[in-house]
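In what follows, a single structure is set out as structure tokens and then discussed.
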2 protein chains.
Amino acid sequence: MSAVRLLVLGAVRRHGRAHGYQVLNDLESWGAHEWSTAKPGSIYHALKQLAKQGLLLAHEIAPSTAGGPPRTEYEITRRGAEEFLSLLREALVSHDQRMDVLSSGVGFIVHLPRREAVALLEERLQRLQQWRGSVTDHYAPEDGPGQLGHVGEIMHLWVHSADAGAQWTRGLIERIEDGAYTFEGEEEPSVGVPAEDEDHSRHA
Amino acid sequence: MSAVRLLVLGAVRRHGRAHGYQVLNDLESWGAHEWSTAKPGSIYHALKQLAKQGLLLAHEIAPSTAGGPPRTEYEITRRGAEEFLSLLREALVSHDQRMDVLSSGVGFIVHLPRREAVALLEERLQRLQQWRGSVTDHYAPEDGPGQLGHVGEIMHLWVHSADAGAQWTRGLIERIEDGAYTFEGEEEPSVGVPAEDEDHSRHA
DNA sequence: GGTACTCTACTCAAAGTTGAAGAGAAGGGA
DNA sequence: TCCCTTCTCTTCAACTTTGAGTAGAGTACC
């Protein structure tokens with residue numbers, strides 16, 4: 001899964017209607033050019049592909065002043081919005097070793113209801129755990145331990161990073177459960193709100 | 001930088017001469033199919049490209065039994081070996097958010113002299129540190145802290161992962177300095193060796 | 001001795017990514 | 001006014017990656 005689709009879809013969604021350069025600027029303002037593969041080429045390409053697949057609707061705009069490049073505005077479709085949510089869920093849940101996917105997911109996390117966000121992050125924890133197990137298995141089969149030599153350092157690296165990822169995820173879950181940020185369907189900025197009624201049965 | 005070139009070059013180097021399928025199996029035996037993008041398509045493609053660029057030499061093998069696909073064996077060239085070392089150094093040093101590059105680097109680290117390995121990892125530490133700084137800068141400019149909202153979680157994620165990476169790197173440096181593993185130019189399996197004479201001026 | 005499975009070995013079209021470049025408009029100073 | 005730079009907006013060729021497909025050869029069962 002590439003982060004670009006999620007990023008582009010999310011950016012267009014925010015604007016209602018946007019052309020490539022706006023999307024570009026949006027992503028830049030989020031710092032996305034630092035941590036993702038979203039460069040002009042990829043973005044314009046993604047816009048075209050998404051339009052071809054019916055997830056965006058392309059409107060050709062004839063430039064009023066005559067001259068200038070033919071610009072195209074894009075609008076998100078119903079299917080596009082669905083795809084956005086589905087990519088977002090996938091990004092939060094999956095242990096994809098590429099951090100840009102996760103970062104994008106975090107960037108859009110407030111577009112989900114608070115409860116779902118927590119549930120997805122908990123699913124993420126489980127998958128991390130499971131993957132950690134599969135790594136240690138793969139590198140310590142029946143030949144006994146310590147036979148690996150320096151290649152065992154690769155396993156070490158992955159385990160270390162899985163643990164760090166899990167720790168970060170737990171921190172985020174905690175902050176969200178404590179009422180940080182404003183999620184989909186919530187109105188008030190949640191500063192110092194007491195536990196909400198509908199929320200007292202978390203972890204159910 | 002893609003991990004595939006390094007991986008393929010390293011695999012061919014080990015064998016002296018290898019065809020695509022051997023490389024594939026090699027990588028699989030290192031678990032590389034789990035943590036890298038090295039799939040059959042990428043590997044065959046990389047072999048062809050590397051040959052085209054003069055880093056590998058292609059030998060067409062006419063199949064003895066007549067029939068079967070036309071297989072090609074590859075041999076590493078002098079320039080290929082140089083490129084291998086250069087990619088390896090880059091992989092160890094660069095903070096490339098893709099872990100497959102680092103993993104490949106670790107997998108080949110013993111093909112460098114012990115001293116150089118340590119030096120490169122120390123360089124890596126510095127770069128991580130520097131990058132960590134640039135992330136916190138980007139997300140906390142002049143608008144005062146705490147204005148970020150949930151997007152600040154992205155920064156949190158990156159900082160967390162930079163710290164985890166640094167910690168792992170320090171651990172590896174320590175193990176290497178303590179004599180673990182056998183590096184380029186060393187003969188004996190280094191169990192319990194005392195500090196070597198040529199090595200007492202590390203950190204110079 | 002057929003048929004089903006797995007292993008060896010490679011190819012290809014479609015999609016994604018990179019890095020550079022193109023071309024008009026807008027500002028600003030000599 | 002003319003030139004220079006910077007900003008807006010997009011395209012393109014070259015390269016890489018993906019995911020599925022092709023195809024022969026061993027082997028193993030019943």
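Any value given below was found using the heavy atoms of this structure, including those in side chains, with hydrogens, waters and symmetry copies removed. In what follows, chains are A, B, ... by sequence order, proteins preceding strands, each numbered from 1.
- Distance from the side chain of B:P40 is smallest for C:dC10 among the nucleotides C:dG19, C:dG16, C:dC10.
- An OP1 or OP2 oxygen of D:dT11 is reached within less than 4.0 angstrom by a side-chain nitrogen or oxygen of A:K48.
- Atom CG in B:L87 sits about 15 Å away from atom C1' in D:dT16, given to the nearest Å.
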Could you go over nucleotides 5-7 of chain D and give all protein N or O partners under 3.5 Å, atom names and distances?
none

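- Straight-line distance from the CD atom of A:E28 to the C1' atom of D:dT8: 13 Å, rounded to whole Å.
- Between the P atom of C:dC10 and the CD1 atom of B:I43 lies a distance of 12 Å, rounded to the nearest Å.
- A straight line from CZ of A:R71 to C1' of C:dA25 spans 12 Å, rounded to a whole angstrom.
- Base contact: B:S42 has a heavy atom under 4.0 Å from a base atom.
- With B:L9 as the fixed residue, the side-chain contact (heavy atoms from CB on, under 4.5 Å) test singles out one of B:I76, B:V23, B:V4: B:I76.
- The aromatic rings of B:Y181 and B:F183 lie tilted to each other, with the angle between the two planes from 30° to 60°.
- Taking the side chain as every heavy atom from C-beta outward, B:T72 and B:L47 never approach each other to under 4.5 Å.
- Distances shorter than 4.0 Å separate none of the side-chain N or O atoms of A:T37 from OP1 or OP2 on C:dG16.
- Taking OG1 from B:T169 and CD from B:E174, the interatomic distance works out to 12.5 Å, rounded to the nearest 0.5 Å.
- Distance from the side chain of B:Q49 is smallest for D:dC15 among the nucleotides D:dT11, D:dC15, D:dT17.
- Nucleic acid contact class of B:G41 (heavy atoms, under 4.0 Å, all strands): base.
- Separating the NE2 atom of B:H19 from the P atom of C:dA9 is a distance of 4 Å, rounded to the nearest angstrom.
- Of the possible donor and acceptor atoms, one in the side chain of B:S29 sits under 3.5 Å from a partner among the backbone N and O of B:D26.
- Taken from CZ in B:R5 to CD in B:Q49, the straight-line distance is 7.5 Å, to the nearest 0.5 Å.
- Contact between the side-chain N/O atoms of A:R5 and the OP1/OP2 oxygens of C:dA15 is not found at any separation under 4.0 Å.
- Taking atom CG on B:L24 and atom P on D:dT18, their separation rounds to 13 Å, with Å as the unit.
- The CZ atom of A:R98 sits 12 Å away from the C1' atom of D:dT18 (whole-angstrom rounding).
- Rounded to whole Å, the distance from OH on A:Y44 to P on C:dA20 is 18 Å.
- Here NZ of B:K52 is found 11.0 Å from CG of B:L50. Values are rounded to the nearest 0.5 Å.
- Checking C:dG19, C:dT8, C:dA15 against the side-chain heavy atoms of A:H45 singles out C:dA15 as nearest.
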